[in-house]
> 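Quick one: the structure is below, and I'll ask about it shortly.
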Amino acid sequence: MPVFARAGVAFERGEGCWLISDKGERYLDFASGVAVNSLGHAHPHLVEALKRQAETLWHVSNLYTVPEAERLAGRLADASFADVVFFCNSGAEALEASIKLARKHFHAKGEPERYRLITFEGAFHGRTLATIAAGGQQKYLEGFGPKVEGFDQVPFGDLDALKAAIGPETAGVLVEPLQGEGGVRSLPPSTLRAIREICDAEGLLLVVDEVQTGVGRTGTLFAYEHSGIRPDVMAIAKGIGGGFPMGACLATREAADGMTAGVHGSTFGGNPLAMAVGNAVLDVVLAPGFLEHVRRMGLLLKQKLAGVADGHSDVVAEVRGEGLLTGLRCKVPNTEVVAALRDAKLLTVGAGDNVVRLIPPLIVTEAELDEAMERLDRGLSAVEAKLPASARSAAE
Ligand SMILES: *Cc1c(COP(=O)(O)O)cnc(C)c1O
């Protein structure tokens, strides 16, 4: 179905931060399959883990114990606030599980009237019926019938509006610590701390959507760590599979107290193939020095982007981001910039707020950042060359 506006290019293989097209052209991949290829392409440790698992066991369902899933859940819990984990196959499913968990928590407490979640404008939580309602974006809701009940949206980061939206039916707050699709907009750590305090004072669950920010993307294993808080529930997906489809809902034991046998499920969730890859991703991301590398590359990328942006102030309005989730807010349509950068053999992704995201694999090197900046410079110059003379700055 033509639901994607795909570019005409096709890739045959990948190596690290590089993708090679069917015409043999080498592209520097700063899209990472939309923040999915956390360890780049064909990472030897992931290839080996998947091959080994493929020769052993593919699928048994959740009728039986899956040791690799137990192990991955234990490692995720040890490395986070969580006690328990539910595995699924995508970000939207991880959010669905989180939303159901929050509602069931209050139901189990004898407060079934508390089922509503407060979300933020610009949010993106997936494309299922409940997650488009949670995201609240009209362009995704249009034409799909009545919006799923139970979501109240407030302006991004507006604490007064958040407090005002809390009522007797409120179960919790659902928030991305840094909005990815929404335009690489970060919530200041102080705001996330304030939301935590409000949730504590009102007895609400704090649900964080770290589908895009999780698993090292912002320089810490999870982005909530930057603010020093602990959420009650968290959805992850994208980066944890390194390209193998998987997602997970993590929660404290208390928050998940309504999630008893039979209330939720997934046929494929926790599949041995996905679990083998998830464990292999964690082997690398949790190895000593890895997250430090991400932080160092993140700082360098932001400095270098600021330098390139300075030279192209007709096109770039602002550099944004945290760690290796960065964005350029543009003065011309971001689709044109993404296309021009692709012509310069640099892959990027558009986002809301007219932003172009640069989200390289976490294994990116400084030499690759420099190469990306050269291609960015070339691509932005090509965009400028097409601008009418009147739109170019006097400084030129
Ligand atoms: C991508 C994304 C989702 C949805 O994930 P899918 O795997 O596409 O269902 C949800 N939340 C955030 C923050 C995302 O970036």
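Both counts, for ligands and for their atoms, begin at 1 and track the order of listing.
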> Would you call the rings of Y224 and F81 parallel, tilted or perpendicular, taking 30° and 60° as the class edges?
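If you compare the ring of Y224 with that of F81, the planes turn out perpendicular.
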
> Taking atom types as modelled and ignoring hydrogens, do the side chains of T119 and H125 form a donor-acceptor contact shorter than 3.5 angstrom?
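No donor-acceptor contact under 3.5 Å links the two side chains.
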
> List the atom pairs, donor and acceptor, that lie under 3.5 Å between side-chain atoms in residues 9-17 and the rest of the protein, sequence neighbours left out.
from	atom 1	to	atom 2	distance (Å)
R13	NH1	E15	OE2	2.7
E15	OE1	R26	NH1	3.4

> We want to know whether N37 and H43 form a side-chain donor-acceptor pair, criterion being a heavy-atom distance below 3.5 angstrom.
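Side-chain D/A pair, N37 to H43: absent.
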
> Side chains of R342 and T348: closer than 4.5 Å at any heavy-atom pair?
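No - every pair of side-chain heavy atoms lies 4.5 Å or more apart.
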
> So, do H226 and E322 sit near enough that their side-chain heavy atoms are less than 4.5 Å apart?
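Counting from C-beta outward, H226 and E322 do come under 4.5 Å.
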
> So what's ligand 1 close to, N/O to N/O, under 3.5 Å?
from	atom 1	to	atom 2	distance (Å)
ligand 1	7 (O)	G91	N	2.8
ligand 1	9 (O)	G91	N	3.4
ligand 1	9 (O)	A92	N	2.7
ligand 1	11 (N)	F124	O	3.2
ligand 1	11 (N)	D209	OD1	3.3
ligand 1	11 (N)	D209	OD2	2.7
ligand 1	15 (O)	Q212	NE2	2.7
ligand 1	15 (O)	K238	NZ	2.6

